[in-house]
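In each ligand, atom 1 is the first atom listed, and ligand 1 is the first ligand listed. Treat the numbers as computed from the prediction; the structure is a model and nothing was measured. Numbering of residues begins at 1 and proceeds along the displayed sequence.
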Amino acid sequence: MFTSDTVTKFRDLPTPFYYYDLDVLNSTCRKVATESKYSGYKVHYAVKANPNPRILQIISSYGFGADCVSWNEIERAIGCGFKPSEIVFAGVGKTDMDITMALEAGILCFNCESVPEIEVIDSIAARLGKSAPIALRINPYIDAFTHKYITTGIEESKFGINTWELDEVMKRISGLGNTSLKGIHFHIGSQITRMSVFKSLCSRINELLDWFSSHNVELEIINVGGGLGIDYENPDVPARFEDYFCMINEFINLRGGQNIHIEPGRSLVGQCGSLISKVLFIKNGINTVFAIIDAGMTDLIRPALYQAHHRIENLTSPGSLYRYDVVGPVCESSDTFGKFIELPETRRGDIIAIRSAGAYGESMASRYNLRDLPKVVFSDEI
Ligand code: LLP
């Protein structure tokens, strides 16, 4: 929701830009901090959702850790106030250089996806005279019922270690001298809106906890990953944190000494950001009217890549409602933010907000067509 004062200020700013509402970000962080403190969970923010330094500084000020997927992310996170000892490092393809830097920095844990990866980590740790804390990312074979590109825990996924290989994996890693197994890790997908999916994950985790106990393996960290979805149609509504925390509390049967870790990305930052753009031209199509705006798929690729829905609002027109295809200027037909979208009568110069763009918006921007990267405006700057 934007006040008329904010919209007036938008008129004078060069577009397109990401607008981050820091009140929304802070209130979301407070909610997660309260819920996680109550439940005793450790939160690691998934930096890939939005690595903007100002956003990271705010999130780290709540005492959260970070979930990173490259040394560059780890370095950025440390620079923005996250403690190395509260950073986890995920990814199926960690490079030797990234592993070395992360070991030197003293991170909390490597979330590992294969035995060859663990062997490389072990040999680098041996060379550095260190012991590498690791967790096994396990593929639990649970359909997240989300877009197939962001489904990560089913049979054809490249992610995680197969459960039927666990015996062999444990044999191979028990012989390694410079890694120590701290826990297990899961991440079954993103933008998950069915709570029953998390319930299935909890049941699977319980089965695996039994398996590890029966093999006398002690685990401290039970990391359930991220994935909690947001309501793209209602951008002013926060994610269902209470339901999510209740679900995990109720259904995972922890043993003594075990702690739950979570890695929220989208749910923390999604609703605080909007992509603000101006209408360049209105153009008639055969069956539609195009509103061509100055933001494109280079600024926000989610609709083009995942057919994602983001609510689109005209902030400056009070007119009667018409339907438009809202499109960007990039030379691709997929550069479409929404088809047949109801908007008040829209004209050149009107200001358009594409909502719920705080996660995987700025972080996935590109310079295709040699376009400039989107600018950034924070609510306390205008
Ligand atoms: N943990 C791991 C290991 C992950 O791979 C991810 C996201 C997260 C946590 C955070 O998940 P979240 O809470 O944000 O759902 N670009 C896509 C999303 C890709 C998510 C990749 N992994 C999109 O725009 O929808």
Side-chain angles (χ1 to χ4, degrees), residues 18 28-29 32 36 41-51 55 59 64-70 73-74 77 87-94 108-113 117 135-140 144-154 157-161 183-194 197-198 201 221-232 238-241 244-245 248 260-273 275 297 299-310 337 354 356-366:
Y18 275 96
T28 314
C29 287
V32 174
S36 57
Y41 299 168
K42 183 72 208 161
V43 177
H44 295 271
Y45 166 61
V47 171
K48 64 169 84 69
N50 193 324
I55 302 259
I59 294 178
F64 300 149
D67 158 43
C68 297
V69 284
S70 65
E73 278 194 359
I74 297 174
I87 292 179
V88 295
F89 185 10
V92 285
K94 302 176 183 77
L108 174 67
C109 195
F110 290 82
N111 291 334
C112 299
E113 310 237 5
E117 177 196 328
L136 301 179
R137 175 166 176 178
I138 299 175
N139 184 344
F145 294 101
T146 181
H147 191 278
K148 64 177 177 185
Y149 291 174
I150 50 175
T151 294
T152 51
I154 54 172
S157 301
K158 69 177 174 182
F159 302 99
I161 292 169
I184 50 178
H185 174 235
F186 304 86
H187 175 74
I188 55 176
S190 199
Q191 185 50 19
I192 297 170
T193 49
R194 291 192 199 180
V197 167
F198 292 114
L201 175 62
I221 299 173
I222 314 302
N223 185 335
V224 300
L228 177 63
I230 57 173
D231 185 345
Y232 279 93
R240 294 166 58 193
F241 293 112
Y244 176 70
F245 278 85
I248 299 174
I260 297 279
H261 290 206
I262 60 169
E263 300 174 335
R266 184 191 319 266
S267 55
L268 264 186
V269 293
Q271 302 295 42
C272 77
L275 178 60
M297 62 192 285
D299 306 301
L300 177 66
I301 201 173
R302 302 195 68 260
L305 191 56
Y306 315 113
Q307 298 77 48
H309 168 70
H310 286 253
F337 290 110
I354 303 179
S356 309
Y360 308 108
E362 191 193 342
S363 65
M364 294 180 80
S366 80

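One finds the OH atom of Tyr360 at 4.5 Å from the OG atom of Ser190 (value rounded to the nearest 0.5 Å).
Residue contacts with ligand 1: Met364 is included, with a non-hydrogen atom under 4.0 Å away. Under the 4.0 angstrom criterion for non-hydrogen atoms, Gly227 is in contact with ligand 1.
Looking at Ala49 next to ligand 1, no N or O pair under 3.5 Å apart turns up. Inclusion of Ser267 in the set of residues having an N or O under 3.5 Å from an N or O of ligand 1 is not warranted. Considering backbone and side-chain N/O atoms, Arg137 never comes within less than 3.5 Å of an N/O atom of ligand 1. Residue His185 places no N or O, backbone or side chain, under 3.5 Å from any N or O of ligand 1.
There is a side-chain donor-acceptor pair under 3.5 Å between His147 and Gln307.
With Phe159, Tyr45, Tyr306 as candidates, the residue nearest to atom 16 (N) of ligand 1 on a non-hydrogen basis is Tyr306.
The residue Ile192 has no part lying near ligand 1, judged by heavy-atom distances below 4.0 Å. The backbone and the side chain of Glu263 each have at least one atom closer than 4.0 Å to an atom of ligand 1 (non-hydrogen atoms only).
In this structure, the protein non-hydrogen atom closest to atom 14 (O) of ligand 1 is Tyr360 OH, 2.6 Å. Among all non-hydrogen protein atoms, the one lying nearest atom 25 (O) of ligand 1 is Arg266 NH2, 2.8 Å.
Remark: Lys94 qualifies as a cation-pi partner of Phe89 under the 6.0 Å distance and 45° angle criteria applied to the six-membered ring.
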